[in-house]
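See structure below.
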Amino acid sequence: MDGNLPQQACHPATTAVEKDDIVIPIIDFAPFLSGTPADKHAVAVSVVEAFKTSGFLYLKEHGIPPSVISRVFGSSARFFARPQDQKDSVCWTTPQANRGYVKTGQEKLSTVDDPSAPETLLATSDLKETMEIGRDNVDDLPNRWPDQIDDEGKDFREVMTSFFNRCKSLHMEVMRAIALGMNLPEHYFDSYVDEGDNNLRLLHYPAVSKEVFKKNPAQVRAGEHSDYGSITLLFQDGRGGLQVRSPIGSFVDVTPIADTVVVNAGDLLARWSNDMIKSTRHRVVEPPAPIGETNESDMYPDRYSIAYFCNPNNNKLIEAIPGTYGDDIKKAKYPGIIAGDYLVQRLTATI
């Protein structure tokens with residue numbers, strides 16, 4: 001083959017969701033991880049285009065084996081099946097730490113900005129319990145591991161620590177794709193995200209009576225919100241219930257797709273990009289019945305998901321990225337802010 005011939009880039013994206021003026025693609029990430037420079041660029045452009053339009057995408061061939069994800073889901077379910085007193089013994093403490101168990105009803109994500117929103121929406125607590133895990137070895141901010149309880153707790157710590165690190169690596173690769181897609185050097189964000197000041201959140205939405213939703217139409221499993229950091233990696237089980245707000249104000253289902261991770265942009269990345277990138281509001285509602293099936297029970301089943309909230313290093317100053325503002329385009333819209341301070345402000349508002 002003539003080495004002077006131009007490389008033919010891959011076509012990494014196909015449409016997964018298209019409804020009410022919102023399009024969410026499935027992007028094959030393998031060409032970015034191991035493809036040619038042209039392949040990497042094509043993936044990068046697709047990633048940034050999705051973040052500019054819907055703020056959401058599905059990522060397949062992302063490098064985390066299904067067997068690993070299955071083991072994490074199993075370990076998570078066993079943790080939430082523990083007696084309440086065991087879970088309470090590793091409870092969440094402060095927004096600064098953001099580590100530990102959060103019981104059902106403690107968190108309220110529906111911090112909507114619209115003062116005309118119904119009081120029922122503003123008052124409704126989420127129907128979920130969570131376990132929050134940060135990076136280890138942070139002075140005065142220890143993780144709240146159940147490894148002192150029993151051997152299963154020790155296994156839980158091992159499984160979650162390994163998964164945290166895998167997700168950290170994927171976060172860095174997605175940020176490299178964003179950099180290339182924004183015409184920045186590929187490693188532009190590396191020094192901003194290499195510490196791993198991220199949060200692994202295990203979520204359990206307990207089975208709940210259908211009457212709860214009938215009596216209070218505003219009740220949700222997780223209230224409408226946008227995420228706070230740079231990006232979120234979301235691993236879903238097969239139940240469904242995640243919905244994204246469309247440009248016309250409706251909510252559109254982000255149906256689980258096997259062997260993919262849902263990736264969405266957060267508020268800090270939107271701010272960082274001078275709003276070139278969208279941080280889209282979303283929620284979790286009662287799950288729809290699987291296609292071809294009906295749920296005749298009086299209960300909606302349990303739902304499990306795993307969110308890895310990716311953030312810049314806590315000590316980094318976040319300012320508008322070069323190329324997103326200037327005399328010939330628009331002004332920087334936001335003052336600089338320290339990433340850790342911003343995240344603590346947002347977390348404090350939810351508890």
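- The shortest side-chain heavy-atom distance between I337 and Q345 falls under the 4.5 Å cut-off.
- Heavy-atom minimum distance, A320 versus A332: CB-CB, 4.0 Å.
- Using a 3.5 Å distance cut-off with no hydrogens or angles, the side chains of D21 and S246 do not pair a donor with an acceptor.
- Not one N or O on the side chain of R157 forms a donor-acceptor pair closer than 3.5 Å with the backbone of P146.
- Between K52 and E49, no side-chain nitrogen of the basic residue sits less than 4.0 Å from a carboxylate oxygen of the acidic one, so the salt-bridge criterion is not met.
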Run the side chain to side chain contact (heavy atoms under 4.5 Å, CB included) test on L57 and V47 for me, step by step, so that the C-alpha distance in whole Å, both residues' side-chain angles and the decisive distance to 0.1 Å come before the verdict.
CA-CA 8 Å; L57 57 88; V47 167; 4.1 Å; yes
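- Separation of atoms CZ (R176) and CG (L33) is listed at 10.0 Å; rounding is to 0.5 Å.
- Here the closest heavy-atom approach between residue V174 and residue L59 is recorded as CG2-CD2, 4.1 Å.
- Side chain of S54 to main chain of V23: a donor-acceptor pair is present (N/O by atom type, distance under 3.5 Å, no hydrogens or angles).
- Within the 4.5 Å cutoff, no side-chain heavy atoms of Y325 are placed close to those of K331.
- Cluster annotation: L234 is not connected to L269 through the hydrophobic network of ILVMFWY side chains, with a link wherever side-chain heavy atoms come within less than 4.5 Å.
- In this structure, D302 does not pair ionically with R239, as no charged nitrogen and carboxylate oxygen lie closer than 4.0 Å.
- Put simply, the side chain of R99 reaches to within 4.5 Å of the side chain of R135, judged on heavy atoms.
- The backbone N or O of G266 sits nowhere less than 3.5 Å from a side-chain atom of R271 that would complete a donor-acceptor pair.
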Stepwise side chain to side chain contact (heavy atoms under 4.5 Å, CB included) test for R303 and Q236
CA-CA 9 Å; R303 177 183 187 262; Q236 301 190 79; 3.1 Å; yes
Given F235 and C167, is the side chain to side chain contact (heavy atoms under 4.5 Å, CB included) satisfied, shown in steps?
CA-CA 11 Å; F235 303 83; C167 290; 4.0 Å; yes
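- Closest of all the heavy-atom pairs between H204 and P206 is O-CD, 3.3 Å.
- Scanning both residues, F80 and L202, for their nearest heavy atoms gives CZ-O, 3.4 Å.
- Counting heavy atoms from C-beta outward, I64 and V261 have side chains that stay 4.5 Å or more apart.
- Considering all non-hydrogen atoms of both residues, P25 and A50 come closest at CG-CB, 3.7 Å.
- Considering CD1 of I277 and CG of D267, their distance stands at 12.5 Å, rounded to 0.5 Å.
- At least one donor-acceptor pair closer than 3.5 Å links the side chain of D237 to the backbone N or O of Y304.
- Inter-residue side-chain proximity for N98 and W92 is flagged as met; some heavy-atom pair is nearer than 4.5 Å.
- Two different hydrophobic clusters hold V262 and M175 under the rule that ILVMFWY side chains link at heavy-atom gaps under 4.5 Å.
- Side-chain N or O atoms of N313 include one that pairs as donor or acceptor with a backbone N or O of E195 at under 3.5 Å.
- Here the side chains of Q84 and T104 are not in contact, with every heavy-atom distance at 4.5 Å or above.
- No chain of hydrophobic side-chain contacts below 4.5 Å, direct or via other Ile, Leu, Val, Met, Phe, Trp or Tyr residues, connects I338 to V193.
- Summarising the geometry, atom CZ belonging to R166 is positioned 11.0 Å from atom NE2 belonging to H62; distances are rounded to the nearest 0.5 Å.
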Can you check side chain to side chain contact (heavy atoms under 4.5 Å, CB included) on Y308 and I231, steps first, answer last?
CA-CA 9 Å; Y308 188 79; I231 63 171; over 6 Å; no
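- No donor-acceptor pair under 3.5 Å is formed between the side chain of D20 and the backbone N or O of S250.
- For K19, the NZ atom is loosely surrounded, since the number of other residues' heavy atoms within 6.0 Å does not exceed 12.
- Using bins of under 30°, 30° to 60° and over 60° for the plane-to-plane angle, the ring pair F32/F29 lands in the parallel bin.
- Of the possible donor and acceptor atoms, one in the side chain of D39 sits under 3.5 Å from a partner among the backbone N and O of T36.
- Residues H282 and D227 are in side-chain contact: their nearest non-hydrogen atoms beyond the backbone lie under 4.5 Å apart.
- With N264 contributing its side chain and G55 its backbone, the two residues share no donor-acceptor pair below 3.5 Å.
- Residue P66 comes nearest to D259 through the heavy atom pair CG-OD1, 3.5 Å, listed as atom of the first residue, atom of the second, then distance.
- Residues F56 and M276 do not share a hydrophobic cluster, clusters being chains of Ile/Leu/Val/Met/Phe/Trp/Tyr side chains in contact below 4.5 Å.
- When atom types are taken as modelled, the side chain of N143 and the backbone of W145 share no donor-acceptor pair closer than 3.5 angstrom.
- Of the charged side-chain nitrogens involved, at least one lies within less than 4.0 Å of a carboxylate oxygen, so that E132 and R201 count as a salt-bridged pair.
- Here the straight-line distance linking atom OG1 of T53 with atom CD1 of I22 works out to 8.0 Å at 0.5 Å rounding.
- For Y342 and Y334, the gap between ring centers reaches or exceeds 6.0 Å.
- A distance-only check finds no donor-acceptor pair linking the side chain of D298 to the backbone of K210 [under 3.5 Å].
- Both L180 and Y188 belong to a common hydrophobic cluster when Ile, Leu, Val, Met, Phe, Trp and Tyr are linked at side-chain heavy-atom distances under 4.5 angstrom.
- Distance SG/C310 to CG/L200: 10.0 Å, rounded to 0.5 Å.
- Between the CZ atom in R245 and the CZ atom in R283 there is a gap of 7.5 Å [rounded to 0.5 Å].
- Within the 4.5 Å cutoff, no side-chain heavy atoms of V244 are placed close to those of V17.
- Remark: D88 pairs with no residue by the salt bridge (Lys or Arg N to Asp or Glu O under 4.0 Å) rule, at least two apart or across chains.
- Between D155 and R71, at least one side-chain N (NZ, or NE/NH1/NH2) sits under 4.0 Å from a carboxylate O, which counts as a salt bridge.
- Taking the charged nitrogens against the carboxylate oxygens, K87 and E129 do have a contact shorter than 4.0 Å, which makes a salt bridge.
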